[in-house]
Amino acid sequence: MKDFPAIDRKWQKYWAENKTFKADNHSDKPKMYVLDMFPYPSGAGLHVGHPLGYIASDIYARYKRHLGYNVLHPMGYDSFGLPAEQYAVQTGQHPAITTEQNIRRYREQMDRIGLSFDWDREIRTSDLKYYKWTQWIFLQLFKHWYNKKTDRAEPIEKLIEIFEREGNAGVEAHANEDTPVFTAEQWRRMSEKEKNEMLLKYRLTYLAETEVNWCPALGTVLANDEVVNGVSERGGHPVYKKKMRQWIMRITAYAERLHRDLDKLQWSDSLKEMQRNWIGRSEGAMITFPLKNFDDNIEVFTTRPDTLFGVTFMVLAPEHPLVEKITAPGRREQVEKYVEAAKRKSELERMAESKEKTGEFTGAYVLHPFTGKEIPVWISDYVLAGYGTGAIMAVPAGDQRDWEFARAMNIPIINIFEEQDIEKGANENKDAVLINSDFLNGLQAKEAIPRMIAELEKRKLGKRKIQYKLRDAVFSRQRYWGEPFPMYYKDGVPYPIPEKHLPLELPEVEDYKPTPDGRPPLGNARIWAWDEANEKVVDKALIDHKTVFPLELNTMPGWAGSSWYFNRYMDPWNDREPFSQEAVNYWRKVDLYFGGSEHATGHLIYSRFWQKFLYDIGLVPEPEYSVKLINQGMILGTSAFAHRVEGTNTFVSAGLKDQYKTHPVHVDVNMVDEHNALDIEAFRNWRDDLKNAEFITEDDGKFYVTREVEKMSKSKFNVVNPDDIVEQYGADTLRLYEMFLGPIQIAKPWNTAGLKGVYNFVKKFRKLYYDDQGRFRLTDREPDADELRILHGTIRKVRTDIENFDYNTAISAMMIAVNELTARKTDKRAILEPLIVLIAPFAPHLAEELWELAGHQPSVCRAPYPEWDEKYLQSATKEYPVSFNGKMRFKITLPADASKDEIEQAVLAHERTAKYLGGKQPRKIIVVPGRIVNIVV
RNA sequence: GCUCGGGUGGCGGAAUUGGUAGACGCGUUGGACUUAAAAUCCAAUGGGCAGUAAUGCCCGUGCGGGUUCAAGUCCCGCCCCGAGUACCA
């Protein structure tokens with residue numbers, strides 16, 4: 001018998017040479033698209049946690065191939081990214097080289113696990129042939145606008161036509177807030193520059209001076225999902241608000257559809273909920289408050305228009321554009337000081353101080369739209385500039401934050417709720433009955449809100465409004481290692497490079513750092529200007545020339561390439577379009593997507609947005625590319641700790657540590673055995689400072705460590721490398737064990753000791769096919785009823801479990817079957833051959849080996865799963881509901897072909913029946929043809 | 001704080017959605033084989049009580065109530081853990 005690693009190598013080589021997993025774009029078989037989120041190839045390589053999702057999807061893909069599907073199961077690399085660039089800054093090595101090395105390592109590790117990818121379709125986002133089309137899609141976004149009337153993206157030419165015909169008054173678009181109204185005549189009189197600037201306010205990707213998350217340490221802006229708790233997700237550096245001219249994606253145009261279509265998705269509740277929260281849809285009203293002594297109004301958004309009569313003050317965000325204009329001369333100094341201070345604070349500081357409410361009175365007043373009463377206008381940083389209008393109507397009786405502010409600033413509070421004590425806090429309960437509220441008196445929020453909105457709309461004081469938390473996504477990064485924007489600037493206005501000249505290739509630079517004057521790294525590129533007349537990239541020294549213009553210096557963010565890659569896999573060789581209509585109409589969408597939930601508010605929302613855009617412009621046939629998604633949970637590390645006696649170089653074993661004052665030290669898990677005993681010699685040699693360490697051992701002379709579950713990471717010395725496992729036990733054992741650990745959706749700790757169980761199973765499984773002399777042997781004898789029951793019961797269980805991704809219980813079922821068949825010394829082909837196919841998705845290497853030994857063509861891909869169903873139907877078990885006097889009481893499980901007598905006997909024997917009848921004999925037991933058992937008492 | 005998950009042996013986890021709780025695996029204990037160890041195989045393994053024994057009984061799914069012939073599963077009220085989010089008006 002060959003050892004397992006030898007079998008692995010044999011079949012991995014076979015699959016690669018025969019392109020066993022090549023998917024065809026033309027097939028009569030039903031199609032199945034199984035996709036993993038592609039990885040960023042980092043320098044550290046894969047640890048045992050990474051392949052979890054790949055193994056899970058691989059099992060599904062292989063299983064579906066057995067069932068006769070044409071399976072598309074591709075893999076690639078999200079290969080633009082920060083680490084390669086940071087490495088380049090330090091060493092001067094081109095990021096492409098680092099990336100190439102890392103990819104090679106990833107590929108090697110994936111191959112060793114026996115993953116059935118169609119490598120002919122491999123894509124890399126940093127590949128010229130790929131990012132050509134990322135740039136192309138960017139240009140399409142630039143060339144489209146969002147028409148609210150048709151609720152979809154439309155070509156910008158159509159908008160220009162409308163402008164020329166009738167101006168923009170009748171246009172309902174998702175456009176910038178500050179877009180002025182103009183007539184057709186005004187439009188025609190605009191200069192080219194003015195026209196372009198106007199159109200920019202409508203385009204789905206636009207250039208705008210906006211407040212962005214600026215991270216000085218990384219030298220770049222960050223999208224909202226890249227800022228976590230006020231610091232950068234990568235590196236944890238402080239993040240500040242800063243105004244910059246940036247490319248922005250108008251994702252808010254799709255907010256409603258992104259929200260609405262979540263209902264169509266078979267994602268986990270938590271994932272959908274995360275996206276819902278991120279989109280943050282809330283229904284309410286826009287209300288206009290006229291300013292006293294000014295021509296302007298203050299507009300606010302509120303979800304509680306019913307509390308309008310409780311307003312006692314207004315609050316503007318410090319950044320609100322009206323602040324400067326309306327501040328009274330006597331208040332100017334304090335207000336300016338407050339605004340300055342707010343600007344200087346980092347996100348983190350602003351959050352840290354969130355407990356205490358601060359603010360300043362502007363000296364201005366608005367008039368209450370119904371009562372006409374004067375209401376003071378304040379500024380405070382508890383109102384966010386980026387949400388709603390950046391201004392609120394404050395109702396201290398109904399909103400806790402307003403209540404706190406009112407208390408802090410000594411502003412009066414009007415109670416507008418019946419029988420509610422608002423001495424200690426606001427009443428946010430919507431069931432409270434309104435008082436002091438004119439025509440709303442006596443109503444609850446449920447009726448009062450629509451009443452108030454109707455009244456506001458009637459009097460033209462406000463209107464119904466749906467507000468989203470989702471903001472337009474900043475798309476510019478001040479980095480080198482990303483897709484260049486195919487844009488150049490003429491007269492300060494952006495122009496696209498003609499599509500036929502794509503890709504705009506990333507230029508060489510001498511230095512990957514930003515330029516000395518603070519421009520992005522592409523500022524270091526010499527050949528980086530666009531010659532409009534000759535339509536080519538030229539030396540930027542020529543920029544003085546009339547037809548040569550500067551190119552964009554920013555690059556696209558990491559999520560650009562990952563927002564459409566799933567479509568590219570369908571037709572990755574295409575160099576005339578991103579993918580052919582034929583291919584995309586055949587594969588349509590991803591049938592099953594595997595990935596981590598950490599992408600909920602990043603990749604998974606941006607890619608849905610791009611898919612909807614591509615759908616609008618007729619490039620893809622589905623508005624959602626991934627209806628079914630499985631989130632695999634993380635595999636955690638089990639860290640080991642030795643306990644050092646404080647102030648000494650003496651370590652004390654776990655059982656004795658309570659007798660000393662100690663602190664824990666991470667120990668490399670590879671130096672600890674499965675009983676938690678430490679290899680003291682290895683530990684001493686691990687680091688210089690441990691050479692002379694002393695050890696207080698336990699009575700058995702051993703030194704024990706303590707264990708704790710943490711994230712798997714190099715710095716915690718708890719990383720387990722899949723290569724080591726594969727080398728020792730074979731790939732099949734690793735695959736089975738990762739799946740056996742628990743449900744794939746749940747985070748669970750890795751424990752190498754448990755491997756033994758599945759390794760035994762793999763060995764036992766193989767042993768079934770060999771006689772006592774170690775010869776492969778299958779006989780053609782007829783199987784008996786027991787053997788058939790075991791086989792088909794297992795087939796049923798494993799099949800339903802795979803369909804539900806309950807791989808751990810599927811493996812349990814196979815373990816039971818193998819134990820039972822071993823006990824019976826089964827050697828029949830009719831039983832053991834189907835079993836090979838059953839285990840093949842989990843343990844493909846062993847399955848191939850046995851399948852070949854059994855005399856079949858290699859590659860179990862064409863094994864006849866469906867044929868077995870009939871046999872299964874004959875021998876499977878069924879559930880029989882049992883009722884007492886017609887009322888259903890319980891169910892018994894028996895073979896599907898059980899006779900009437902057998903069922904009667906089973907019911908009588910059933911312990912619970914006897915219990916329920918209290919020892920009485922049933923008058924009669926009726927077994928009805930519909931397989932319902934009725935007991936007449 | 002809010003939202004969504006989840007609490008089952010020493011451990012990872014099962015339980016066909018209201019029907020014999022603890023499948024399967026690890027670990028542990030005992031046994032077989034062996035000069036010995038490893039490997040392998042067999043048996044036991046939630047807790048308690050009674051019995052020489054086969055076996056029988058009681059208690060047990062975070063806590064307290066409830067519905068039901070029957071609750072890990074459903075309802076009400078708590079406690080704890082995890083994830084996301086954070087002054088979103």
Side-chain angles (χ1 to χ4, degrees), chain A residues 228-230 268-278 280-282 284-285 300-305 307 315 317 350-351 353-357 380-384 386-395 398-402 404-405 428 467-471 597-598 600-601 631 633-634 638 674-675 707 709 736-737 740-743 745-761 763-764 767 796-797 800-801 804 806 808-816 819 822-823 877-879 881-882 884 887-893 910-913 915-918:
Chain A
V228 177
N229 293 328
S268 70
D269 290 343
S270 67
L271 194 65
K272 285 205 256 188
E273 200 57 29
M274 263 189 247
Q275 287 216 345
R276 268 189 209 107
N277 289 340
W278 192 257
R281 182 184 196 272
S282 47
V300 300
F301 172 73
T302 177
T303 53
R304 294 294 303 274
T307 62
V315 189
R350 227 167 137 157
M351 280 164 55
E353 294 167 12
S354 66
K355 303 277 174 284
E356 292 294 312
K357 294 277 184 290
S380 172
D381 61 6
Y382 87 87
V383 174
L384 305 173
Y387 182 73
T389 60
I392 60 154
M393 61 175 220
V395 183
D399 185 290
Q400 185 59 26
R401 292 154 303 176
D402 297 344
E404 282 163 17
F405 191 79
E428 297 189 334
Q467 186 69 42
Y468 302 91
K469 268 194 261 182
L470 187 72
R471 308 196 196 159
S597 58
E598 67 272 21
T601 54
N631 284 128
M634 228 185 312
T638 312
E674 67 263 36
H675 304 288
R707 295 282 199 169
V709 173
L736 280 160
Y737 187 54
F740 186 64
L741 229 36
Q745 298 92 338
I746 285 173
K748 55 221 160 262
W750 177 268
N751 175 13
T752 304
L755 250 166
K756 206 180 128 184
V758 286
Y759 187 50
N760 279 341
F761 164 65
K763 285 192 289 187
K764 269 195 232 169
K767 243 186 175 163
R796 180 185 64 151
K797 175 81 177 138
T800 52
D801 281 353
N804 296 321
D806 294 329
N808 54 333
T809 51
I811 295 168
S812 294
M814 290 190 286
M815 285 175 168
I816 296 168
N819 283 338
T822 302
T877 55
K878 274 250 156 66
E879 249 179 12
V882 179
F884 288 81
K887 198 176 163 194
M888 221 274 276
R889 293 304 190 188
F890 59 87
K891 297 171 202 154
I892 52 170
T893 305
H910 213 277
E911 196 188 319
R912 277 188 316 272
T913 320
K915 227 185 235 173
Y916 183 69
L917 293 171

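The figures here come from the full heavy-atom set of this structure, side chains too, leaving out hydrogens, waters and symmetry mates. A note on names: the letters A, B, ... follow the listed sequences, proteins ahead of strands, and every chain is numbered from 1.
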Quickly work out the [X] [atom1] to [N] [atom2] distance and round it to whole Å.
X: A/Arg276; N: B/A86; atom1: CZ; atom2: C1'; result: 19 Å
X: A/Asn760; N: B/A39; atom1: CG; atom2: P; result: 9 Å
X: A/Lys767; N: B/A39; atom1: NZ; atom2: P; result: 14 Å
X: A/Asp806; N: B/C24; atom1: CG; atom2: P; result: 17 Å
X: A/Lys797; N: B/C24; atom1: NZ; atom2: P; result: 12 Å
X: A/Arg471; N: B/U85; atom1: CZ; atom2: P; result: 14 Å
X: A/Met814; N: B/G25; atom1: CE; atom2: C1'; result: 13 Å
X: A/Asn751; N: B/G27; atom1: CG; atom2: C1'; result: 10 Å

Nearest-nucleotide pick for [X], side chain only, options being [options]:
X: A/Phe740; options: B/A89, B/A14, B/C24; result: B/C24
X: A/Lys756; options: B/G27, B/G5, B/G12; result: B/G27
X: A/Pro743; options: B/A89, B/A14, B/C87; result: B/A14
X: A/Pro749; options: B/A23, B/G12, B/A89; result: B/G12
X: A/Ser812; options: B/C24, B/C87, B/G13; result: B/C24
X: A/Ile746; options: B/C41, B/C24, B/G13; result: B/G13

In whole Å, what separates the [atom1] atom of [N] from that of [M]?
N: B/G62; M: B/G9; atom1: P; value: 8 Å
N: B/C41; M: B/G47; atom1: C1'; value: 30 Å
N: B/C78; M: B/U3; atom1: P; value: 13 Å
N: B/U68; M: B/G18; atom1: C1'; value: 9 Å
N: B/C58; M: B/A36; atom1: C1'; value: 47 Å
N: B/A39; M: B/A53; atom1: C1'; value: 36 Å
N: B/G12; M: B/G48; atom1: C1'; value: 27 Å
N: B/A71; M: B/G82; atom1: C1'; value: 26 Å

For [X] and [Y], work out which heavy atoms get closest and say how close.
X: A/Leu271; Y: A/Ala600; answer: CD1-CB, 3.3 Å
X: A/Thr601; Y: A/Met274; answer: CG2-O, 4.2 Å
X: A/Phe740; Y: A/Ser812; answer: CE1-OG, 3.6 Å
X: A/Asp402; Y: A/Met393; answer: OD2-O, 3.9 Å
X: A/Lys797; Y: A/Ala813; answer: CG-CB, 3.5 Å
X: A/Glu428; Y: A/Gln400; answer: OE2-N, 2.8 Å

Side-chain donor/acceptor of A/Asn804 to backbone N/O of A/Asp806, under 3.5 Å: no
Expected output: side-chain A/Asp399 to main-chain A/Val395 donor-acceptor under 3.5 Å: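 Flag not set: sc A/Asp399 to bb A/Val395 has no pair under 3.5 Å.
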For B/G9, glycosidic torsion class - syn if within 90° of 0, otherwise anti: syn
Anti versus syn assignment for B/U17, with syn defined as within 90° of 0: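 Syn, angle within 90° of zero.
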Position toward the 5' end of RNA chain B (nearest nucleotide), A/Gly386 or A/Met815: A/Met815
Residue mapping more 5' on RNA chain B - nearest nucleotide basis, A/Gly757 or A/Ser270: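 Upstream on the strand: A/Ser270.
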At under 4.0 Å between heavy atoms, what does [X] touch on the DNA or RNA strands: base, sugar-phosphate, or nothing?
X: A/Asp402; answer: nothing
X: A/Ile392; answer: base
X: A/Asn819; answer: sugar-phosphate
X: A/Lys748; answer: sugar-phosphate

B/C4 base / A/Lys272 side chain donor-acceptor hit below 3.5 Å: no
Footprint string (nucleotides 29-34 of chain B, 5' to 3'): B base within contact, S backbone only, - free, heavy atoms under 4.0 Å: ------
Within 45° cone and under 6.0 Å: A/Lys357 NZ/CZ vs A/Tyr382 ring: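 Output yes; distance and angle both within limits.
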Drop me the distance from [X]'s [atom1] to [Y]'s [atom2], to the nearest 0.5 angstrom.
X: A/Ser597; Y: A/Met634; atom1: OG; atom2: CE; result: 7.5 Å
X: A/Phe761; Y: A/Tyr737; atom1: CZ; atom2: OH; result: 15.0 Å
X: A/Asp801; Y: A/Arg796; atom1: CG; atom2: CZ; result: 10.0 Å
X: A/Leu755; Y: A/Asn760; atom1: CG; atom2: CG; result: 10.5 Å

Taking 4.0 Å as the cut-off, does a side-chain nitrogen or oxygen of [X] come that near to OP1 or OP2 on [N]?
X: A/Asn277; N: B/C4; value: no
X: A/Tyr382; N: B/A89; value: no
X: A/Ser282; N: B/A89; value: yes
X: A/Asn631; N: B/G5; value: no

Watson-Crick or G-U stems of RNA chain B, 3 or more pairs, under 3.5 Å, by first number: B:1-7 with B:79-85, B:10-12 with B:24-26, B:27-32 with B:40-45, B:46-50 with B:55-59, B:62-66 with B:74-78
